[in-house]
Amino acid sequence: MRAAVVIFPGSNRERDVCMALKRATGHEPVRIWHRETSLPETDLIVLPGGFAYGDYLRCGAMAAHSPVMREVRARADRGVPVLGICNGFQILTEAGILPGALLPNRSLRFTCRDIHLRVENSQTIFTCGYESGQTIRVPVAHQDGNYTADPDTLDLIEGEGRVAFRYCASDGSLDGDANFNGSARAIAGIFNESRTVLGLMPHPENATDPLLGGTGGTAFFAGLASALQ
């Protein structure tokens, strides 16, 4: 599996996701600077976490207009899988590739800790390493992760099975405390219509090494590598 990781000024998780992908595939992803106007032929494009352009204006708003994003959009339209993690999710919504927006956490504070996610749809290239309803533990690190969309859009996403993950308690139940950032319907990640684009706020790439405290994200990358091999 060939992967390309796009780097913006302010990205800080590109090394983490490259390491996670290399563990799963045995191959080092190519790194692409945001000013590039073309991409090599790849099986996967990744927008990593960080603080693109310092999160000025709105998180991801400036990065969404970087030159490389025209090609990212074109590849996504052609069905090339695109993964946006944390800041990458914000960029995908700001670029209009995914619906909705990411608002400040309801605490109005940056949150960095392990949380639990419930897998809502395992029938995709991104989630095939899990079972639907499975609970996993991965870290979050964001201040603007409160996913929101209008009620019709939320109903559409739900009805089409495009919710990838929800914030949950350790037993998989949904409650207000588990939905720490206040996201609509506890949504932590969503797909596009073809389920070839995924945006999620948590960081599965930082849960692929037991030395870092957990391996809840290992199956994410293993499943993705298997689906795209």
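In what follows, every heavy atom counts, from backbone to side chain, and hydrogens, waters and symmetry copies are set aside.
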Practice prompt. I would like to know whether V119 and F220 meet side chain to side chain contact (heavy atoms under 4.5 Å, CB included); could you show each step before the answer?
Written response: CA-CA 11 Å; V119 181; F220 179 92; over 6 Å; no
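- Under a cut-off of 6.0 angstrom, the local environment of CZ in R109 is sparse, with at most 12 non-hydrogen atoms contributed by other residues, nucleotides or ligands.
- Taken to the nearest 0.5 Å, the CG atom of L117 stands 5.0 Å off from the CD1 atom of I136.
- Around CZ of R113, the count of heavy atoms belonging to other residues, nucleotides or ligands within 6.0 Å exceeds 12.
- By the side-chain hydrogen bond (donor to acceptor under 3.5 Å, both in side chains) test, D155 is found to be paired with R185, residues two or more places apart in sequence or in another chain being considered.
- Here ring pair (Phe, Tyr, Trp, His ring centres under 6.0 Å) pairs that include residues 163-196, with residues two or more places apart or in two chains, are H142-F180, Y167-F180.
- For the salt bridge (Lys or Arg N to Asp or Glu O under 4.0 Å) test, no residue two or more places apart in sequence or in another chain qualifies with E36.
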Discussion item. For a side chain to side chain contact (heavy atoms under 4.5 Å, CB included) check, start with the C-alpha distance between I91 and V6, then their side-chain angles and the critical distance, and finish with the verdict.
Written reply: CA-CA 11 Å; I91 294 168; V6 179; over 6 Å; no
Item to complete: Kindly determine whether S107 and N105 satisfy side chain to side chain donor-acceptor pair (under 3.5 Å), including the steps that lead there.
Response: CA-CA 5 Å; S107 67; N105 298 343; 4.8 Å; no
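- Other residues, nucleotides and ligands contribute more than 12 heavy atoms inside 6.0 Å of the CZ atom of R106.
- Under the 3.5 Å distance criterion, with hydrogens and angles disregarded, a donor-acceptor pair is assigned to the side chains of D171 and S173.
- Taking Ile, Leu, Val, Met, Phe, Trp and Tyr as members and joining any whose side-chain heavy atoms lie under 4.5 Å apart, directly or through other members, the hydrophobic cluster of L57 also contains Y53, Y56, M62.
- The side-chain hydrogen bond (donor to acceptor under 3.5 Å, both in side chains) test applied to T208 returns R23, not counting sequence neighbours.
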Worksheet item: What do the steps show when you test N206 against R13 for side chain to side chain donor-acceptor pair (under 3.5 Å), and what is the final call?
Response: CA-CA 9 Å; N206 291 126; R13 298 295 180 103; 2.4 Å; yes
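- Salt-bridge formation is not detected for the pair R162/E120: no Lys NZ or Arg NE/NH1/NH2 atom is positioned less than 4.0 Å from an Asp or Glu carboxylate oxygen.
- Residues meeting the side-chain hydrogen bond (donor to acceptor under 3.5 Å, both in side chains) test with E94, sequence neighbours left out: R58.
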